[in-house]
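Taking it in order: structure first as C-alpha cells, then the write-up.
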Amino acid sequence: MEKITTLPVKRPWDKKYAEAYREMEGPLCDCVQMARIAADLMNDTDNGTNPKLVFAVFHLRDMMESLEQRYRADFGEGGT
C-alpha cells in the first residue's frame, strides 16, 4: 500500500509536512474502506425506517471517497 514519493524540498518545513501528509495514507484508506463497508451493510439491512441514518451513511461514504481522490490527485495518482 505504501508508495514512496520523492518531493522537492524548497523550505525546511516542506519535508516535515510531506512526511506527515504521506503518513495519512494508511489511516485515510482504512476510513474510506470502513465507510464503504458501512454503506454496503446499510444497503443490505435497511428497511426504510430511518432515512436520515441511510442518508448519513451514504453521504459519509461519498465524502470519504472524494477526500481520498483529492489526496491521491495531489500525488498525481488520480482517484480510485
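All figures in this text were calculated on a predicted structure; none of them were measured in a lab.
Nearest heavy atom pair, residue Thr49 against residue Asp46, reads N-OD1, 4.1 Å. Closest non-hydrogen pair, Val54 versus Met42, comes out as CG2-SD, 3.7 Å. Tyr71 and Tyr21 get closest at one heavy-atom pair: OH-O, 2.8 Å.
Around atom CE of Met34, no more than 12 heavy atoms belonging to other residues, nucleotides or ligands sit under 6.0 Å away.
Side-chain contact between Arg36 and Glu65 is present, with heavy atoms from C-beta onward closer than 4.5 Å.
One finds the CG atom of Asp40 at 10.5 Å from the OG1 atom of Thr45 (value rounded to the nearest 0.5 Å).
At a threshold of 4.5 Å between side-chain heavy atoms, the hydrophobic network of Ile, Leu, Val, Met, Phe, Trp and Tyr places Met24 and Val32 in one connected group. Cluster annotation: Phe58 is not connected to Leu60 through the hydrophobic network of ILVMFWY side chains, with a link wherever side-chain heavy atoms come within less than 4.5 Å.
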Problem - Worked check of side-chain contact (heavy atoms from CB on, under 4.5 Å) between Cys29 and Arg72 - result: CA-CA 10 Å; Cys29 291; Arg72 292 189 183 284; 3.2 Å; yes
